[in-house]
Chemist: 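Questions regarding the structure given below will be posed in turn.
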Amino acid sequence: AAHGTTGTVYRAEDTSSGAKVALKLLSAELCGTAAVMHRVRRETKNAIKLANPNVARVMDCGDHGGRFYIVREWLEGHPLSVLLSEEKQLGVERAAAIAYQICAALGLVHRVGLVHRDLKPNHVFLAKNDDESEWVVKLIDIGLAVKVDGTQSSRDVFGSLSYLSPEQAEGKLVSFRSDLYSLGCVFHEMLSGAPPFTGNPAQVIDQHHNADPAGLNTLRGDVPDPLA
């Protein structure tokens with residue numbers, strides 16, 4: 001099992017097909033109210049309809065004992081966070097290729113009106129192709145996305161601090177731009193070896209609002225100006 005901030009992921013088996021699947025049991029905190037459960041169920045059903053090679057396929061959802069679960073395809077590989085912990089900085093072309101595939105995934109998610117809200121290296125999965133000849137980027141945890149329809153509670157703060165957009169930190173309504181801001185933070189980390197802002201939680205939130213990140217071309221010499 002793998003434990004995260006939103007729940008625990010187990011390797012399981014689809015009894016109807018015998019296929020391996022990933023089963024995510026959401027944390028009790030995330031399943032706290034009936035309104036939240038209703039929204040998660042609704043948006044998970046929207047996510048099931050998505051079909052894109054760069055989005056991990058959501059297959060089913062339900063609840064058991066008051067805990068909500070999401071079933072998605074099983075992926076062989078590792079999250080981007082593992083690669084970054086091993087290599088720190090990625091080559092410019094490699095980072096750009098990963099970012100390109102993340103953009104392809106977000107393009108589909110946004111076209112159907114969903115916002116991921118928690119884009120970070122741990123939710124960018126580097127999966128092996130069937131023939132294991134190359135890797136493909138898969139965006140995961142789509143089942144926890146929300147619909148951009150103005151109904152999200154202003155108190156619903158969700159996301160990971162290092163990649164959190166300013167409006168998310170304030171509990172304001174999210175938009176597609178929230179995901180793009182988080183993508184910028186991930187891209188910065190791929191090229192620099194660290195998120196754009198560091199410090200204690202209050203300092204990081206303040207920097208998201210009021211500071212500019214260090215220019216990438218000041219941190220390493222091989223980043224072209226258009227990317228920096």
Side-chain angles (χ1 to χ4, degrees), residues 1-11 20-24 50 52-58 70 72-109 116-145 158-165 178-199 204 208 213-224 226-228:
H3 304 278
T5 56
T6 58
T8 303
V9 179
Y10 300 90
R11 183 169 65 176
K20 285 191 297 185
V21 296
L23 187 149
K24 180 161 191 171
L50 297 177
N52 184 283
N54 296 120
V55 175
R57 184 165 59 95
V58 179
I70 298 171
R72 65 161 171 82
E73 65 175 317
W74 177 260
L75 300 172
E76 296 288 350
H78 52 262
L80 176 61
S81 55
V82 171
L83 179 64
L84 292 175
S85 69
E86 294 174 348
E87 300 191 16
K88 305 304 181 186
Q89 295 182 353
L90 304 186
V92 173
E93 289 188 7
R94 191 178 190 187
I98 291 173
Y100 179 85
Q101 292 188 61
I102 297 173
C103 287
L106 287 178
L108 174 67
V109 173
H116 189 285
R117 296 191 299 163
D118 196 16
L119 181 59
K120 59 184 179 181
N122 205 44
H123 288 162
V124 176
F125 203 89
L126 305 178
K128 293 181 181 179
N129 274 345
D130 291 339
D131 61 4
E132 300 191 1
S133 61
E134 58 183 82
W135 299 85
V136 61
V137 171
K138 294 271 191 178
L139 192 59
I140 63 175
D141 260 20
I142 296 297
L144 297 178
F158 188 88
S160 300
L161 192 60
S162 294
Y163 315 95
L164 202 65
S165 67
S178 306
D179 282 345
L180 297 181
Y181 183 92
S182 299
L183 172 58
C185 293
V186 172
F187 192 54
H188 187 282
E189 183 171 357
M190 284 194 287
L191 290 174
S192 71
F197 304 120
T198 57
V204 173
H208 277 306
L216 287 168
N217 51 3
T218 67
L219 300 176
R220 53 187 289 182
D222 60 341
V223 180
L227 289 181

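One-based numbering along the sequence shown.
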Chemist: Of the non-hydrogen atoms in Lys24 and Asp141, which two are nearest, and what is the gap between them?
Modeler: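 Looking at all heavy atoms of both residues, the closest pair is NZ-OD2, 2.7 Å.
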Chemist: Show your working on side-chain contact (heavy atoms from CB on, under 4.5 Å) between Glu86 and His78 and close with a plain yes or no.
Modeler: CA-CA 12 Å; Glu86 294 174 348; His78 52 262; 5.6 Å; no
Chemist: Backbone N or O of Tyr163 within a donor-acceptor pair of the Ser182 side chain at under 3.5 Å?
Modeler: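 Checked: pair present.
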Chemist: Look at the side chain of His116 and the backbone N and O of Ile140, then say whether any donor-acceptor pair between them is shorter than 3.5 Å.
Modeler: yes
Chemist: Considering non-hydrogen atoms only, spot the tightest contact between Arg220 and Met190 and give its length.
Modeler: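 Reported closest heavy-atom pair: NH1-O, 4.5 Å.
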Chemist: Residues two or more places apart in sequence or in another chain: which of them pass salt bridge (Lys or Arg N to Asp or Glu O under 4.0 Å) with Lys88?
Modeler: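 So Lys88 forms no salt bridge (Lys or Arg N to Asp or Glu O under 4.0 Å) with any residue.
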Chemist: Please round to the nearest 0.5 Å and tell me the distance separating atom CG of Asn122 and atom CG of Leu80.
Modeler: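 With rounding to 0.5 Å, CG (Asn122) is 9.0 Å from CG (Leu80).
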Chemist: Compile the donor-acceptor pairs under 3.5 Å between side chains in residues 102-109 and protein atoms, sequence neighbours left out, one pair per line.
Modeler:
none

Chemist: I need the single residue from Lys128, Arg11, Lys20 that forms a salt bridge (charged side-chain N to carboxylate O under 4.0 Å, His left out) with Glu76. Which is it?
Modeler: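 Of Lys128, Arg11, Lys20, salt bridge (charged side-chain N to carboxylate O under 4.0 Å, His left out) with Glu76 is met by Lys20 alone.
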Chemist: Closest approach of Gln101 and Val137, non-hydrogen atoms and distance?
Modeler: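 For Gln101 versus Val137, the nearest heavy atoms are OE1-N, 3.0 Å.
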Chemist: Heavy atoms only: give me the nearest Gly77-Trp135 pair and the separation to one decimal.
Modeler: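 Minimum heavy-atom contact is CA-CZ3, 3.7 Å.
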Chemist: Considering only heavy atoms from C-beta outward, does the side chain of Cys185 approach that of Pro196 to under 4.5 Å?
Modeler: yes
Chemist: Just how far is it from atom CG of Asn52 to atom CG of Leu139, taken to the nearest 0.5 Å?
Modeler: 9.5 Å
Chemist: Taking the side chain from Lys138 and the backbone from Val124, do they hold a donor-acceptor pair closer than 3.5 Å?
Modeler: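 No, the answer is negative, given that no donor and acceptor are paired below the 3.5 Å cut-off.
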Chemist: Answer yes or no: is there a donor N or O on one side and an acceptor on the other, between the side chain of Asp118 and the main chain of Ser160, under 3.5 Å?
Modeler: yes
Chemist: Minimum heavy-atom separation for Leu119 and Asp179, please, with both atom names.
Modeler: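 That closest heavy-atom pairing would be CD2-O, 3.7 Å.
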Chemist: For Phe197, give me all partners under ring pair (Phe, Tyr, Trp, His ring centres under 6.0 Å), at least two apart in sequence or on another chain.
Modeler: His208
Chemist: Show the numbers, then the answer: is there a salt bridge (Lys or Arg N to Asp or Glu O under 4.0 Å) between Lys120 and Glu189?
Modeler: CA-CA 10 Å; Lys120 59 184 179 181; Glu189 183 171 357; over 6 Å; no
Chemist: Could you go step by step and tell me if His123 and Val186 meet the side-chain contact (heavy atoms from CB on, under 4.5 Å) rule?
Modeler: CA-CA 11 Å; His123 288 162; Val186 172; over 6 Å; no
Chemist: Looking at Ala56 and Glu73, what are the two nearest heavy atoms and their distance?
Modeler: CA-OE2, 3.3 Å
